[in-house]
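One structure is given below, encoded as structure tokens.
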Amino acid sequence: MLQLSYIRENKEDVLKRLAIKNFKDAENIINSIIELDNNRKSAQRLADDVKAEANGLAKQIGELMKSGKKEEAETLKAKTADLKGKEKEFDETLKTIEQDIHKILVTVPNLPNITVPVGKTPEDNEVVNEHGAIPTLHAGATPHWELTTKYDLIDFELGVKLTGAGFPVYKGKGARLQRALINYFLDKATSKGYNEVQPPILVNADSGYGTGQLPDKEGQMYHCQVDDLYLIPTAEVPITNMYRDVILKESDLPIKNCGYTPCFRREAGSYGKDVRGLNRLHQFDKVEIVQIAHPDKSYEILENMREFVSSLLQELELPYRTLKLCGGDMSFGSALTYDLEVWSAAQGRWLEVSSVSNFETFQTNRLKCRYKDANGKTQLAHSLNGSALALPRIVASLLENNQTEAGIKIPKVLVPYTGFDMIN
RNA sequence: GGAGAAAUGGCAGAGUGGUCGAUUGCGGCAGUCUUGAAAACUGUUGAACCGUGAGGUUCCUGGGGUUCGAAUCCCUAUUUCUCCGCCA
């Protein structure tokens with residue numbers, strides 16, 4: 001959620017940057033926010049004045065009662081009756097206006113960083129770098145959904161029987177590979193100073209609002225209606241919400257957490273060939289890194305996080321490229337996002353495996369995650385997160401890229417975790 | 001699931017209808033002392049909104065109510081604790 005004061009004071013800048021995100025009808029929406037805010041101010045003034053008067057009278061009545069001047073007190077009491085009605089009325093007006101502002105404000109996306117490329121579709125994303133040689137496969141090489149069957153690593157049909165499409169069952173070396181990747185990712189993250197946490201994978205609505213999944217992506221989360229809890233679409237939600245309503249010390253920053261969780265996404269509206277095999281699942285595993293940062297340091301930290309994720313892909317010997325997302329392809333809450341994509345050799349295309357974003361104050365404003373600066377003033381911190389990494393597409397490209405006629409080779413760094421160096 | 005108790009500032013813990021945004025202690029910050037640190041002493045120390053300012057308003061778990069006036073009384077939700085039951 002954007003800060004009202006920023007919108008008020010930087011209207012032109014807000015409009016300019018919302019345009020980069022292709023936010024429709026921005027001018028009307030911003031104007032109505034500013035107008036409502038002006039109404040709010042005058043409404044509060046009225047309400048405050050009435051209350052001040054009522055408070056003053058109540059105090060006088062108290063003093064009169066004490067000194068035994070009952071009659072005088074009664075005359076004053078009569079005067080307060082009128083104020084009471086007004087107080088209620090003004091309070092309600094103020095509340096309504098505040099709700100109206102909030103309702104609109106939560107629909108406005110974050111302002112993109114000034115360096116974000118203009119564009120509408122994924123084709124407009126800027127390729128920052130490409131790393132690693134594209135492998136040439138032997139004749140008869142197949143996509144991962146055939147390899148997983150051939151070596152009995154993942155049973156998609158069995159998942160359909162148990163739950164439905166997009167809930168695969170990992171088996172044998174397939175299951176072991178999952179566990180190996182999770183442990184490897186967590187070990188790398190903790191060695192870089194990230195504190196490992198194991199959060200709940202169901203969260204309440206407050207947490208959903210805190211990180212911006214609600215109300216923007218309501219339909220994308222699984223919702224347990226009986227208890228009004230949501231299955232997390234990413235560990236970002238619980239881990240970032242740990243800092244909801246918290247005032248940190250400046251010296252605490254940056255705070256670095258990582259965590260493994262399963263992630264659940266309804267993926268309403270997705271279909272077609274892109275969803276085959278491991279490409280798009282309803283349940284998948286991911287290790288997430290999250291930082292709460294000082295505003296002056298957040299972009300430096302974003303680069304560090306991107307480099308960390310890159311280093312994982314390099315160690316796994318997977319060809320990858322880095323994209324700087326254009327305004328149209330960025331998520332609702334992000335100010336700047338890098339996507340990292342691995343090359344899927346048998347499918348012949350890039351697969352997104354990580355998204356690293358700086359949210360600046362967009363999440364922390366809603367979260368009320370602040371720190372005290374050197375002058376003792378409370379300031380909003382910046383929040384950042386990134387996947388490090390999401391498993392399914394890593395597995396897909398590992399299987400496809402490393403397939404040989406003799407079997408699938410496991411990258412060296414993973415062997416201590418898997419306990420085998422070949423799937424055959 | 002049943003019965004009872006409780007929820008106050010970063011933490012601990014007073015406060016049972018008016019002068020309480022809230023005693024006190026710890027912690028934090030600043031100063032005195034010290035070569036420096038510790039100790040001791042002194043001062044200071046919650047958040048949000050409105051206002052150029054003086055100042056005003058709101059917040060004692062959330063929501064509602066009683067009252068001229070609520071941290072304090074009532075209702076309700078949530079959470080925590082204790083006992084019983086059940087259970088990985």
Side-chain angles (χ1 to χ4, degrees), chain A residues 1-9 33-106 198-210 214 224-230 238 241-253 255 292 361 363-381:
Chain A
M1 187 163 69
L2 294 178
Q3 293 171 84
L4 203 43
S5 57
Y6 189 87
I7 295 178
R8 203 162 50 208
E9 285 154 29
I33 289 175
I34 292 174
E35 195 188 322
L36 279 168
D37 188 41
N38 289 333
N39 294 345
R40 185 192 112 253
K41 284 185 185 181
S42 45
Q44 180 172 346
R45 205 159 178 186
L46 283 174
D48 282 0
D49 287 349
V50 178
K51 283 178 190 169
E53 200 180 338
N55 287 345
L57 284 175
K59 215 167 238 180
Q60 284 181 43
I61 292 169
E63 276 157 19
L64 290 171
M65 298 289 251
K66 240 183 196 167
S67 49
K69 297 175 183 163
K70 284 240 165 87
E71 274 176 38
E72 284 177 55
E74 289 303 325
T75 16
L76 278 187
K77 271 195 197 181
K79 275 174 81 179
T80 59
D82 172 48
L83 288 178
K84 255 190 136 177
K86 269 198 206 161
E87 210 178 315
K88 203 163 192 178
E89 185 192 323
F90 291 156
D91 265 349
E92 260 160 39
T93 313
L94 181 60
K95 208 170 161 187
T96 311
I97 295 173
E98 280 174 347
Q99 281 169 353
D100 288 346
I101 292 174
H102 189 258
K103 230 182 272 172
I104 301 178
L105 211 49
V106 293
Q198 223 179 80
I201 57 180
L202 275 81
V203 293
N204 56 29
D206 281 347
S207 294
Y209 279 100
L214 295 174
C224 304
Q225 283 170 4
V226 179
D227 297 296
D228 196 23
L229 296 173
Y230 294 85
N241 270 282
M242 298 196 301
Y243 301 94
R244 171 149 47 89
D245 289 320
V246 166
I247 299 180
L248 299 156
K249 282 184 262 176
E250 192 168 17
S251 58
D252 291 337
L253 303 175
I255 292 174
I292 307 293
T361 60
Q363 292 181 327
T364 53
N365 184 32
R366 188 95 63 86
L367 288 163
K368 296 209 195 73
C369 170
R370 295 161 292 178
Y371 68 94
K372 272 207 195 296
D373 68 15
N375 304 319
K377 270 195 78 181
T378 44
Q379 307 278 0
L380 291 172

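We name chains A, B, ... by the order of the sequence lines, and we start the count at 1 in each one. Nothing here was measured: the structure is a model prediction, and the numbers come from that model.
B:C81 sits 29 Å from B:G28 when the P atoms are compared, rounded to a whole Å. On the C1' atoms, B:U35 is 46 Å away from B:A48, given to the nearest whole Å. Look at the C1' atom in both B:G9 and B:A14: the space between them is 13 Å, to the nearest Å. Rounded to a whole angstrom, the distance from the P atom of B:U72 to that of B:G21 is 14 Å. Separation of the P atoms belonging to B:C68 and B:U16 is 23 Å when rounded to the nearest angstrom. B:G17 and B:G13 have their C1' atoms separated by 22 Å, given to the nearest Å. Between B:U23 and B:U8, the distance separating the two C1' atoms is 13 Å to the nearest Å. Only the P atoms considered, B:A70 is 15 Å distant from B:U61, to the nearest whole Å.
Following rounding to the nearest Å, A:Asp91 (CG) and B:C49 (P) show an atom-to-atom distance of 18 Å. Put simply, NE2 on A:His102 is 14 Å from P on B:C49, counting in whole angstrom units. Counting to the nearest Å, the P atom of B:A48 and the CG atom of A:Leu4 are 15 Å from each other. Rounded to whole Å, the distance from CG on A:Asn365 to C1' on B:A48 is 12 Å. Per the geometry, CG belonging to A:Leu46 stands 15 Å off C1' belonging to B:C49, to the nearest Å. Atoms CG (A:Leu94) and P (B:C49) sit 13 Å apart, rounded to a whole Å. Atoms NZ (A:Lys377) and C1' (B:U45) sit 17 Å apart, rounded to a whole Å. Per the geometry, CG belonging to A:Leu229 stands 13 Å off P belonging to B:U78, to the nearest Å.
Along RNA chain B, the nucleotide nearest to A:Glu63 and the one nearest to A:Glu53 differ in position, and the one closer to the 5' end is contacted by A:Glu63.
Put simply, the side chain of A:Asn365 does not reach to within 4.5 Å of the side chain of A:Leu2, judged on heavy atoms. Side-chain contact between A:Ile7 and A:Leu105 is present, with heavy atoms from C-beta onward closer than 4.5 Å. Side-chain atoms of A:Val203 and A:Leu229, non-hydrogen and from C-beta on, never get closer than 4.5 Å to each other. Looking at heavy atoms from C-beta onward, A:Val106 lies in side-chain contact with A:His102 at the 4.5 angstrom threshold. Looking at heavy atoms from C-beta onward, A:Leu214 lies in side-chain contact with A:Tyr230 at the 4.5 angstrom threshold. Proximity of A:Asp228 to A:Asn204: side-chain heavy atoms (C-beta onward) are nowhere separated by under 4.5 Å. Between A:Leu46 and A:Lys86, the closest side-chain pair of non-hydrogen atoms is not below 4.5 Å.
When atom types are taken as modelled, the side chain of A:Thr364 and the backbone of A:Ala381 share a donor-acceptor pair closer than 3.5 angstrom.
Of all nucleotides present, only B:U79 satisfies the Watson-Crick or G-U wobble test against B:A6, with each distance under 3.5 Å. Under the Watson-Crick or G-U wobble criterion, with both distances below 3.5 Å, B:A12 is paired with B:U24. Searching all strands for a Watson-Crick or G-U wobble partner of B:G1 with both distances below 3.5 Å returns B:C84. Judged by Watson-Crick or G-U wobble contacts below 3.5 Å, the nucleotide B:G53 has no partner. Judged by Watson-Crick or G-U wobble contacts below 3.5 Å, the nucleotide B:U42 has B:A30 as its partner. Of the nucleotides present, none pairs with B:A70 by Watson-Crick or G-U wobble criteria with both distances under 3.5 Å. When both distances must be under 3.5 Å, the Watson-Crick or G-U wobble mate of B:C60 does not exist.
Here A:Lys372 lies in heavy-atom contact (under 4.0 Å) with sugar-phosphate atoms only. At a threshold of 4.0 angstrom between heavy atoms, the contacts of A:Ser42 with the nucleic acid are absent.
Using a cutoff of 4.0 Å between basic side-chain nitrogens and carboxylate oxygens, A:Glu87 and A:Lys84 are not scored as salt-bridged. Using a 4.0 Å cut-off between charged side-chain N and carboxylate O, A:Arg40 and A:Asp100 make no salt bridge.
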Could you run through nucleotides 50-56 of chain B and give me one letter per nucleotide, 5' to 3': B if any protein heavy atom sits under 4.0 Å from the base, S if only the sugar-phosphate is that close, - if neither?
SS----B
Nucleotide by nucleotide, 5' to 3', does protein get under 4.0 Å of the base (B), only the sugar-phosphate (S), or neither (-) in nucleotides 59-69 of chain B, counting heavy atoms?
-----S---BS
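In A:Gln198, the CD atom is not crowded: 12 or fewer heavy atoms of neighbouring residues, nucleotides or ligands sit closer than 6.0 Å.
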